[in-house]
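Here the structure is laid out as structure tokens; the discussion comes afterwards.
A quick note: this is a predicted structure, and the numbers were derived from the prediction, not measured.
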Amino acid sequence: MAKNESICRLILNALNDKKYRARTIQGIAKYANISPSEVIHELNSNKTLNQQVKIYPRKSKDGKVLITTRERFDKTAPLKDRFIEAFATTRVIIEDEY
């Protein structure tokens with residue numbers, strides 16, 4: 001298995017952890033035992049991964065970007081978050097700030 005595929009799998013496993021509706025970049029990195037920069041690189045460059053994940057429409061309590069899978073958002077997001085997503089005029093871009 002290529003390194004990119006294993007990192008992609010680790011990121012998806014982190015996002016599918018039932019304890020969390022969505023995860024921060026740091027939370028994904030901690031779970032996958034990789035750097036936040038590697039998480040960001042994969043999210044921005046891996047087309048397969050990019051098709052499966054989305055930026056959550058709200059940020060964490062401390063203002064950090066949250067990431068989830070598209071499937072999980074469709075199944076578990078509360079109505080309020082779906083409403084925010086539907087009417088959002090700007091989209092958050094994940095930048096390498098770590």
Side-chain angles (χ1 to χ4, degrees):
M1 178 179 342
K3 182 180 180 187
N4 295 31
E5 291 176 27
S6 63
I7 291 175
C8 178
R9 184 163 303 162
L10 288 169
I11 290 171
L12 289 172
N13 286 345
L15 294 174
N16 285 315
D17 185 331
K18 293 188 187 298
K19 290 190 282 186
Y20 305 97
R21 180 176 292 145
R23 307 281 305 250
T24 63
I25 299 295
Q26 294 87 347
I28 296 167
K30 183 177 179 181
Y31 179 96
N33 199 28
I34 58 176
S35 72
S37 293
E38 285 179 281
V39 173
I40 292 167
H41 175 76
E42 283 301 307
L43 290 171
N44 287 329
S45 65
N46 186 316
K47 290 181 182 177
T48 303
L49 183 61
N50 198 271
Q51 292 171 350
Q52 296 178 62
V53 301
K54 71 180 287 127
I55 297 172
Y56 207 78
R58 291 190 292 151
K59 293 187 177 185
S60 68
K61 290 179 182 176
D62 59 352
K64 296 196 168 137
V65 171
L66 292 169
I67 311 292
T68 191
T69 63
R70 292 178 188 280
E71 178 181 9
R72 191 160 179 149
F73 182 82
D74 291 343
K75 288 182 179 177
T76 66
L79 184 59
K80 177 180 179 180
D81 292 342
R82 291 171 193 265
F83 187 81
I84 292 169
E85 172 70 13
F87 292 100
T89 56
T90 58
R91 301 288 180 215
V92 175
I93 298 171
I94 301 172
E95 295 180 25
D96 195 353
E97 57 190 53
Y98 302 95

Contact summary for [X] and [Y], nearest pair of heavy atoms:
X     : Y     : value
Asp17 : Tyr31 : OD2-CE1, 4.0 Å
Arg23 : Ala14 : NH1-O, 3.1 Å
Asn50 : Leu43 : ND2-O, 2.9 Å
Ser35 : Ala29 : C-CB, 3.8 Å
Arg58 : Lys80 : NH1-NZ, 4.3 Å

Would you give the length of the straight line joining atom [atom1] of [X] to atom [atom2] of [Y], rounded to the nearest 0.5 angstrom?
X     : Y     : atom1 : atom2 : result
Thr76 : Asp81 : OG1   : CG    : 9.0 Å
Arg9  : Leu49 : CZ    : CG    : 12.0 Å
Ile28 : Glu42 : CD1   : CD    : 11.5 Å
Arg72 : Lys18 : CZ    : NZ    : 6.5 Å

Donor-acceptor pair, distance only, cut-off 3.5 Å: does the side chain of [X] make one with the backbone of [Y]?
X     : Y     : answer
Asn16 : Leu12 : yes
Arg82 : Asp74 : yes
Thr68 : Arg21 : yes
Arg70 : Gln51 : yes

Mind checking whether [X] and [Y] sit in one hydrophobic cluster, side chains of I, L, V, M, F, W, Y counted as touching below 4.5 Å?
X     : Y     : value
Val53 : Val65 : yes
Ile34 : Tyr20 : no
Leu15 : Ile7  : yes

(request) Would you please test Lys64 and Ile25 for side chain to side chain contact (heavy atoms under 4.5 Å, CB included) and show each step? (result) CA-CA 8 Å; Lys64 296 196 168 137; Ile25 299 295; over 6 Å; no
(request) Please name the residue in the list Ile67, Ile84, Leu66 that meets the side chain to side chain contact (heavy atoms under 4.5 Å, CB included) test with Tyr56. (result)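 Considering Ile67, Ile84, Leu66, a side chain to side chain contact (heavy atoms under 4.5 Å, CB included) with Tyr56 is found only for Leu66.
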